[in-house]
Amino acid sequence: MKDRRRTILEAAARVIARRGVRGLRVEELAVEAGVSKALVYYHFEDRAGLLRSTLEFIGARAERYTRRDPPTPQGPGAAVRDPGPAARGPGPVVPAAGSAAHDPGTAAHDPGSGSARREFGSAPHGPGPAPHAPGSALGELERRLLLELQDVPEIRENSTAWGELRAGAVFEPELREDLARVGVAWVREVADLLGQGSPAVPDKELVAAAERLTALLEGLSTRWLVGILPVGHARELMREAIAAEARRLDLPDRHAVCAAG
């Protein structure tokens, strides 16, 4: 039998994606998960704890779907993945408060963590910069950032729930610290990848570039999810931004990403 706590978190992600943070009610969540209200409160002391755990769950799920082969698009008109490297998006793993990843000035990210990404199937590459060489630091960065922009149900739900949690923090101050911690960790991860391409670049510049890229990805993801941008165009804009930051930092595309261990 599937772990009940995980079942509740999966249901919470669905409800938040559908109704937003302010629309999350324990009664509806219990029905969605097929459990009693008492069981929800047994696993999560209060609403704040439930939201915090759901944020962590969404981040961990994003990490999983960037470590394995991407989900297959479903239904007519589903996006065909192009040969460009794909990657994780606005659902980073949530580190513990006070950990090294919590500090954007601490380059403590394990270069092997989450670095084993796989290539997709094929489709003609459109206009814009060509994908960076597989195995290079910039190629790995593309994989991590572009994987969020895929028209598959799991990624749509995860990205939508992430956006709703960010929006909910405007009205729910208890979410802000956790979201800030997640954002710092994600920026640090991207900055570390950029730094692998050219260790001589000052960390302050790497962090600034990472902040621009992650902020852009969140905006592109939102525009794609609400139908303003086709997913293919969003991916091209993301590639162009990565290429622009690489030029700004004078990053070469010949450095392979360090292997784990």
Task: Atom pair CD1/OG1 of I228 and T222 - distance to nearest 0.5 Å - done: 9.0 Å

TODO: Flag the pair E177 and R181 as a salt bridge only when some basic side-chain nitrogen lies within less than 4.0 angstrom of an acidic carboxylate oxygen.
DONE: no

- [ ] Using atom types as modelled and distance alone, determine if a side-chain donor or acceptor of R235 lies under 3.5 Å from a backbone N or O of L149.
- [x] yes

TODO: Decide if atom NE2 of H43 counts as having more than 12 heavy atoms of other residues, nucleotides or ligands within a radius under 6.0 Å.
DONE: yes

Open item on the list: Could you check whether any side-chain heavy atom of I58 comes within less than 4.5 Å of a side-chain heavy atom of I16, counting everything from C-beta outward?
Closed with: no

Task: Residues, nucleotides or ligands: over 12 heavy atoms within 6.0 Å of R18 CZ - done: yes

Task: Polar side-chain atom of R239 near backbone of E142 as donor-acceptor pair, under 3.5 Å - done: no

Task: Pairwise side-chain contact, L145 with V190, heavy-atom cut-off 4.5 Å (strictly under) - done: yes

TODO: Could you grab the distance from atom CD of Q196 to atom CD of E140, nearest 0.5 Å is fine?
DONE: 8.0 Å

Open item on the list: Could you see if Y42 belongs to whatever hydrophobic cluster contains L24? Use Ile, Leu, Val, Met, Phe, Trp, Tyr and a side-chain cutoff under 4.5 Å.
Closed with: yes

Task: Nearest non-hydrogen partners of L194 and A209, listed with the distance - done: CD1-CB, 3.8 Å

Open item on the list: Can you confirm whether E154 sits close enough to R61 that some side-chain heavy atom of one is under 4.5 Å from a side-chain heavy atom of the other?
Closed with: yes

TODO: Not counting sequence neighbours, which residues clear side chain to side chain contact (heavy atoms under 4.5 Å, CB included) with A11? List them please.
DONE: R14, L29, E32, A33

Open item on the list: Please list all pairs meeting salt bridge (Lys or Arg N to Asp or Glu O under 4.0 Å) that have one or both residues in residues 36-46, counting only residues at least two apart or in different chains.
Closed with: E27-K37

Open item on the list: To check you understand the geometry: which heavy-atom pair defines the closest contact between G23 and V15, and what is its length?
Closed with: O-CG1, 4.5 Å

Task: A13 versus T54, closest heavy-atom pair with distance - done: N-CG2, 4.1 Å

Open item on the list: As an exercise, state the distance from CZ of R52 to CG of D178, rounded to the nearest 0.5 Å.
Closed with: 5.0 Å

Task: Separation of L220 CG from L237 CG (nearest 0.5 Å) - done: 5.5 Å

Open item on the list: Quick check: closest heavy atoms across Q150 and W224, and the distance to 0.1 Å?
Closed with: O-CH2, 3.1 Å

- [ ] Of all the heavy-atom pairs spanning R166 and L179, show the shortest one and how long it is.
- [x] CA-CD1, 3.9 Å

Open item on the list: Nearest 0.5 Å, please: how far is CZ in R156 from CG in L225?
Closed with: 5.5 Å

TODO: List for me each residue that meets salt bridge (Lys or Arg N to Asp or Glu O under 4.0 Å) alongside E164, sequence neighbours excluded, and say none if there are none.
DONE: none

Open item on the list: Under the rule for side chain to side chain contact (heavy atoms under 4.5 Å, CB included), what residues qualify as partners of S53, not counting sequence neighbours?
Closed with: R5, L9, F44

Task: Nearest-0.5 Å distance that lies between atom CD in E189 and atom CG in D192 - done: 8.0 Å

Open item on the list: According to side chain to side chain contact (heavy atoms under 4.5 Å, CB included), who are the partners of E211, at least two apart in sequence or on a separate chain?
Closed with: V187, V207

Task: For L206 against G195, the heavy-atom pair lying closest together - done: CD1-CA, 3.6 Å

Open item on the list: Quick check against the 3.5 Å criterion: does R176 have a side-chain atom that pairs as donor or acceptor with the backbone of V170?
Closed with: yes

Open item on the list: Going by side chain to side chain contact (heavy atoms under 4.5 Å, CB included), name the residues that satisfy it together with E172, two or more places apart in sequence or in a different chain.
Closed with: V21, R22, R47, L51, E174, L175

